[in-house]
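One structure below.
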2 protein chains.
Amino acid sequence: MRETVVPQGAQAALRAIRLLKLFTSEVPELHLAELADMSGLNKTTTHRLLQALLSEELLDRNPANSAYRLGPGMMALGVQALSGNQLRVRARPLLKKLAEETGETATLEVPVDDTMLILDEVTSKHLLGASGNVGTRWPIHATSTGKALIAFEQNGPDRLRPPLLPLTSRTIIEHAALQQQLSDIRRRGFAETVDELEDGFSGVGAVVRGSMGEVLGALSICGPSSRLSDSRRAQLGAALCTAATRLQPRY
Amino acid sequence: MRETVVPQGAQAALRAIRLLKLFTSEVPELHLAELADMSGLNKTTTHRLLQALLSEELLDRNPANSAYRLGPGMMALGVQALSGNQLRVRARPLLKKLAEETGETATLEVPVDDTMLILDEVTSKHLLGASGNVGTRWPIHATSTGKALIAFEQNGPDRLRPPLLPLTSRTIIEHAALQQQLSDIRRRGFAETVDELEDGFSGVGAVVRGSMGEVLGALSICGPSSRLSDSRRAQLGAALCTAATRLQPRY
DNA sequence: AAATAATATTTCATAATATGGAATCACAAT
DNA sequence: ATTGTGATTCCATATTATGAAATATTATTT
């Protein structure tokens with residue numbers, strides 16, 4: 001569970017971690033000056049932390065342009081984190097079943113900071129080439145999984161980072177409107193997005209819990225808004241809640 | 001490229017990173033006392049660093065037993081590192097071709113500390129269920145890819161961590177014997193292992209270079225020792241070097 | 001080729017932080 | 001209730017991290 005209190009006594013470690021987080025799929029390579037600027041750290045401090053990350057191979061340098069990028073040590077840890085995630089393994093059959101039964105795309109996602117990371121995705125037959133989103137991250141406030149997560153996770157709303165980015169004209173970025181939605185989500189048991197992430201794209205999302213009831217991540221079913229009417233989304237939401245319940249370990 | 005000099009002025013960051021590296025596929029969950037013992041750090045220091053890693057979601061806690069484990073932040077970074085790795089994408093068609101033409105298993109691997117991490121693997125038709133090694137790590141001295149890597153990478157031998165672990169009776173763990181092999185490998189252009197990682201399992205490995213000639217990782221073809229005779233291995237080695245050369249970007 | 005600009009790396013005094021022993025808290029087992 | 005085990009917090013100070021400035025390296029311009 002995400003801690004909202006910043007720990008004391010490990011500032012250097014936190015700074016190093018935050019440098020790592022500056023590398024994204026969109027911006028995979030960065031130079032020292034860029035990193036110092038983006039992190040707000042003094043150039044020397046930045047350089048020194050980068051050297052530490054290099055020495056442990058969490059970062060690597062592209063010899064062609066000397067830019068820093070995530071390295072093999074990061075790959076190893078990432079793969080380990082993924083393979084240690086039991087949820088992903090157990091969810092796969094359910095995702096397939098959901099996709100087949102609904103004819104839409106089903107995903108499993110986990111929260112990372114103020115985003116949702118797609119851990120697994122099974123595409124429907126309708127959208128060819130719609131696959132390939134595994135590993136991508138999307139703003140938490142604009143996804144059905146994200147909204148479900150915020151609604152049900154303890155301190156969930158603390159993940160939001162105002163000002164919220166409007167991705168479409170329908171994206172909900174007002175605090176009050178979102179809070180209202182969270183109440184609805186809690187009552188209903190699942191969340192919805194309609195043209196909020198992308199025009200013409202809608203989805204429903206429901207949280208998945210662990211054995212102690214803690215929120216682990218979320219499942220979604222999504223597709224073109226033209227196919228996801230109000231009544232259809234209600235149907236899908238119910239199916240999703242059933243699936244999510246089946247995923248929860250029992251004791 | 002791995003730095004052999006330990007950076008000054010980032011001790012706390014390094015300590016945090018080394019805590020992360022204690023989590024493996026074999027031991028995915030650990031408690032505070034175990035981590036303190038394994039890292040040699042004072043328990044308080046360990047605890048504080050763990051709190052930092054938790055707050056950034058690189059670690060997570062299993063509520064069922066309070067054990068620490070790698071978290072979603074780690075998954076996100078790992079996925080980003082993998083998707084940013086152009087080599088993996090470009091190597092895939094070649095791996096398929098190699099596996100088809102040889103009837104054996106082909107892998108792409110990168111070095112992480114004193115191990116080789118399998119980034120991609122295409123299995124032959126002979127061994128059913130031999131797939132699934134992606135993300136696994138193997139001792140660098142006992143794999144053909146690892147030996148090729150050590151032979152050709154600048155400061156490659158610095159990766160070795162004596163005492164070397166004997167995995168089979170044939171594993172080469174003597175420094176002098178290994179150095180002799182490195183000379184042979186450099187002359188030949190590829191490396192071989194015969195029953196060194198596992199009894200009845202052999203392979204050949206050749207390094208892959210980047211645009212500036214730097215060593216990025218290695219390709220291997222491997223299978224049952226009964227099929228990989230001396231002459232066969234020479235053949236495979238030659239094919240591998242050709243493939244590796246094709247993978248290198250040109251300018 | 002030389003000069004200039006941009007970027008990266010190193011130095012060093014000291015302010016700030018990280019450290020760890022000890023105390024306290026929380027939980028499980030008896 | 002007591003005991004044992006593991007986790008968390010407190011606080012004085014030793015140690016480290018910090019950052020301004022200097023230096024080195026590389027790229028770009030003239």
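The shortest heavy-atom contact between B/Gln179 and B/Pro157 is NE2-CB, 4.2 Å. The two residues A/Pro111 and A/Met116 come nearest to each other via the heavy atoms CA-SD, 3.7 Å.
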I'd like to know whether A/Thr44 forms a side chain to side chain donor-acceptor pair (under 3.5 Å) with A/Asn42, so could you lay out the CA-CA distance, the side-chain angles of the two residues, the decisive distance to 0.1 Å, and finally the verdict. CA-CA 6 Å; A/Thr44 310; A/Asn42 175 277; 3.2 Å; yes
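Judged purely by atom type and a 3.5 angstrom limit, A/His141 uses its side chain to pair as donor or acceptor with the backbone of A/Leu165. Remark: side-chain polar atoms of B/Arg188 are paired, donor with acceptor, to backbone N or O of B/Phe190 under 3.5 angstrom. Looking at B/Thr171, its side chain does come within 3.5 Å of a backbone N or O of B/Leu167 through a donor-acceptor pair. Formation of a donor-acceptor pair under 3.5 Å by the A/Thr242 side chain with backbone atoms of A/Ala238 is found in this model. With B/Glu121 contributing its side chain and B/Asn133 its backbone, the two residues share a donor-acceptor pair below 3.5 Å. Proximity of a side-chain donor or acceptor of A/Glu109 to a complementary backbone N or O of A/Leu219 within less than 3.5 Å is not detected. Although no hydrogens or angles enter the test, the distance criterion places no donor-acceptor pair under 3.5 Å between the side chain of B/Arg137 and the main chain of B/Leu117. At least one donor-acceptor pair closer than 3.5 Å links the side chain of B/Thr24 to the backbone N or O of B/Glu26. Although no hydrogens or angles enter the test, the distance criterion places a donor-acceptor pair under 3.5 Å between the side chain of B/Ser55 and the main chain of B/Ala52.
Taking every heavy atom of residues 30-42 of chain A and every atom of DNA chain D, pairs under 4.0 Å involve A/Asn42, by number.
A/Glu29 has its CD atom 17 Å from the C1' atom of C/dA8, to the nearest Å. Note: CD (B/Gln11) to P (C/dG20) measures 8 Å, nearest angstrom. Atoms CD (B/Gln8) and C1' (C/dT10) sit 13 Å apart, rounded to a whole Å. Atom CG in B/Leu49 sits about 15 Å away from atom C1' in D/dA7, given to the nearest Å. Summarising the geometry, the separation between CZ on B/Arg15 and C1' on C/dA18 is reported as 9 Å, rounded to the nearest angstrom. If you measure from atom CG of B/Leu50 to atom P of D/dT8, you get 9 Å, rounded to the nearest angstrom. Atom CG of B/Leu14 and atom C1' of D/dT15 are 15 Å apart (whole Å). To the nearest angstrom, P of D/dG6 lies 17 Å from CG of B/Asn62.
Nearer the 5' end of DNA chain C, as judged by each residue's closest nucleotide, is the contact made by A/Ala10, out of A/Ala10 and B/Lys43. Taking for each of A/Ala13 and A/Asn65 the nucleotide of DNA chain C with the nearest heavy atom, the 5'-most of the two is the partner of A/Asn65.
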Between the protein and nucleotides 10-14 of chain D, list the N/O to N/O atom pairs that are separated by less than 3.5 angstrom.
none

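Each end of the helix from C/dA1-D/dT30 to C/dT30-D/dA1 gets its own axis from five base pairs, and the two axes differ in direction by 50°, given to 10 degrees.
For B/Thr45 and C/dG20, the shortest distance from a side-chain N or O to OP1 or OP2 is below 4.0 Å. An OP1 or OP2 oxygen of C/dT7 is reached within less than 4.0 angstrom by no side-chain nitrogen or oxygen of A/Arg61.
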